[in-house]
Amino acid sequence: MQPKPSNFFITIFLVDLFVGLFDLSSAFIQVKIMFPERNPLAVLNYIASAVFGKEKANANDYMLFLGALFHFIIAYCFTIAFFLVYPHIRLLSKDRLLTGIFYGLVIWAVMNLLVVPQTKIGHRPFVLKNAVIAAGILIVAIGIPLSYFAYSFYYGRKTSLQHPPAMAD
C-alpha cells in the first residue's frame, strides 16, 4: 500500500513546522549568544531583507511576519524535496545520521552559494567560523530530523516499499 497523498502532505506540513521552528529557534539562540545586544528577531528582518532590501526590512514590523513566512516556505521546499527523493535513493535509508549530515550540508550549500547571492542580500564574504556554525545548525535542526522523519514515514509502517536492512541507531 502506497502512502496516501493526503497523509504525505499532512506529514510534510507537520515535519516542516517542526524543523522550521527548530531551525529558527537555533538561529535566535545563535544571535543571542554571539551578539547579546541584538534582538534575536532581527533574524526575521534579515530573511525579509532578501526580498525587500535591508532598509525596508528593518523599517516595518510586518517584515517580521514576512521573514517568518519566507523562512517556512524555504524549509517547506527543502522538506518536500527530501521526502520526494528519499524513497528513490536507497542509500539515504542506510544511515540516517550520515544522510542528515549530508542533507544539512546540501541545504547550506544551496542557500549560501546559489540562493542568497541572487537576493538583495547579495554575495557575502566567506567566514569559516560562521559557515561551520550555520551548517551545524542546518544539520542538527533540519538534516538529521528530516532523515529520521522520512525513514519513519516510508519504513516505519507497512508500505509497498521494501524495508531496508537493519542498522544500529
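The analysis underlying the following values was restricted to heavy atoms, covering all of them including side chains, and did not include hydrogens, waters or symmetry mates.
Taking every heavy atom of both residues into account, S49 and I121 meet most closely at OG-CG1, 3.7 Å. Taking all atoms of both residues into account, the shortest heavy-atom contact from P145 to V140 is CD-O, 3.2 Å. When all heavy atoms of G20 and A75 are compared, the closest pair comes out as CA-CB, 4.4 Å. H88 approaches L84 most closely through the heavy-atom pair CD2-O, 3.0 Å. Closest approach of I47 to G67, counting heavy atoms only: CG2-O, 3.4 Å. Minimum interatomic distance between L24 and F72 (heavy atoms only, all atoms of both residues): CD2-CE1, 4.2 Å.
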Q.
Quick one, N112 with R124, criterion side chain to side chain contact (heavy atoms under 4.5 Å, CB included). Give me CA distance, side-chain angles, the key distance, then yes/no.
A. CA-CA 9 Å; N112 288 280; R124 298 174 301 167; 2.5 Å; yes
**Q.** CA sep, side-chain torsions, deciding dist, call: F83, V15, side chain to side chain contact (heavy atoms under 4.5 Å, CB included)
**A.** CA-CA 10 Å; F83 268 75; V15 169; 4.1 Å; yes
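To the nearest 0.5 Å, the span separating CZ on F9 from OG1 on T11 amounts to 10.5 Å. Between atom CD1 of residue I142 and atom CZ of residue F18 there is a gap of 11.0 Å, rounded to the nearest 0.5 Å. Rounding to the nearest 0.5 Å places CG of L69 at 12.5 Å from CG of L64. Atom CG of L44 sits about 4.0 Å away from atom CZ of F28, to the nearest 0.5 Å. Going from atom NZ of K129 over to atom CE of M34 covers 4.5 Å, rounded to the nearest 0.5 Å. Separation of atoms CD1 (I139) and CG (L105) is listed at 4.0 Å; rounding is to 0.5 Å.
Without hydrogens or angle criteria, D23 side chain to A141 main chain gives no donor-acceptor distance under 3.5 Å. Under a 3.5 Å cut-off, the side chain of S25 and the backbone N or O of L21 do form a donor-acceptor pair. Remark: side-chain polar atoms of N58 are paired, donor with acceptor, to backbone N or O of K54 under 3.5 angstrom. Put simply, the side chain of N39 gets close to the backbone of L41: a donor and an acceptor are under 3.5 Å apart. In terms of modelled atom types and a separation under 3.5 Å, the side chain of T79 and the main chain of I12 share no donor-acceptor contact. A distance-only check finds a donor-acceptor pair linking the side chain of S93 to the backbone of R90 [under 3.5 Å]. S147 places no side-chain N or O within 3.5 Å of a backbone atom of G143 that could act as its donor or acceptor partner.
The 12-atom threshold is not exceeded at CZ of F102, counting heavy atoms of other residues, nucleotides or ligands nearer than 6.0 Å. Heavy atoms of other residues, nucleotides or ligands lying less than 6.0 angstrom from NZ of K32 number more than 12.
With a 4.5 Å cut-off on side-chain heavy atoms, L138 and M111 do not count as touching. Contact annotation: the side chain of F126 never approaches that of L113 to less than 4.5 Å [non-hydrogen atoms, C-beta and beyond].
As a member of the Ile/Leu/Val/Met/Phe/Trp/Tyr network built from side-chain separations under 4.5 Å, I33 groups with I29.
Transitive grouping of hydrophobic side chains (ILVMFWY, heavy atoms separated by less than 4.5 Å) keeps I137 and L128 in distinct clusters. Note on V127: it does not cluster hydrophobically with V115, by side-chain heavy-atom contacts below 4.5 Å among ILVMFWY residues. Put simply, V110 and I80 are part of the same group of oily side chains (I, L, V, M, F, W, Y) that touch within less than 4.5 Å, one to the next. Residue I133 is not grouped with residue I107 when hydrophobic side chains (ILVMFWY) are merged at heavy-atom distances under 4.5 angstrom, including chains of intermediate members.
With sequence neighbours excluded, the residues that form a ring pair (Phe, Tyr, Trp, His ring centres under 6.0 Å) with F82 are Y86, Y103.
Applying the ring-ring contact (aromatic ring centres under 6.0 Å, His included) definition to pairs two or more places apart or across chains, none involves residues 35-55.
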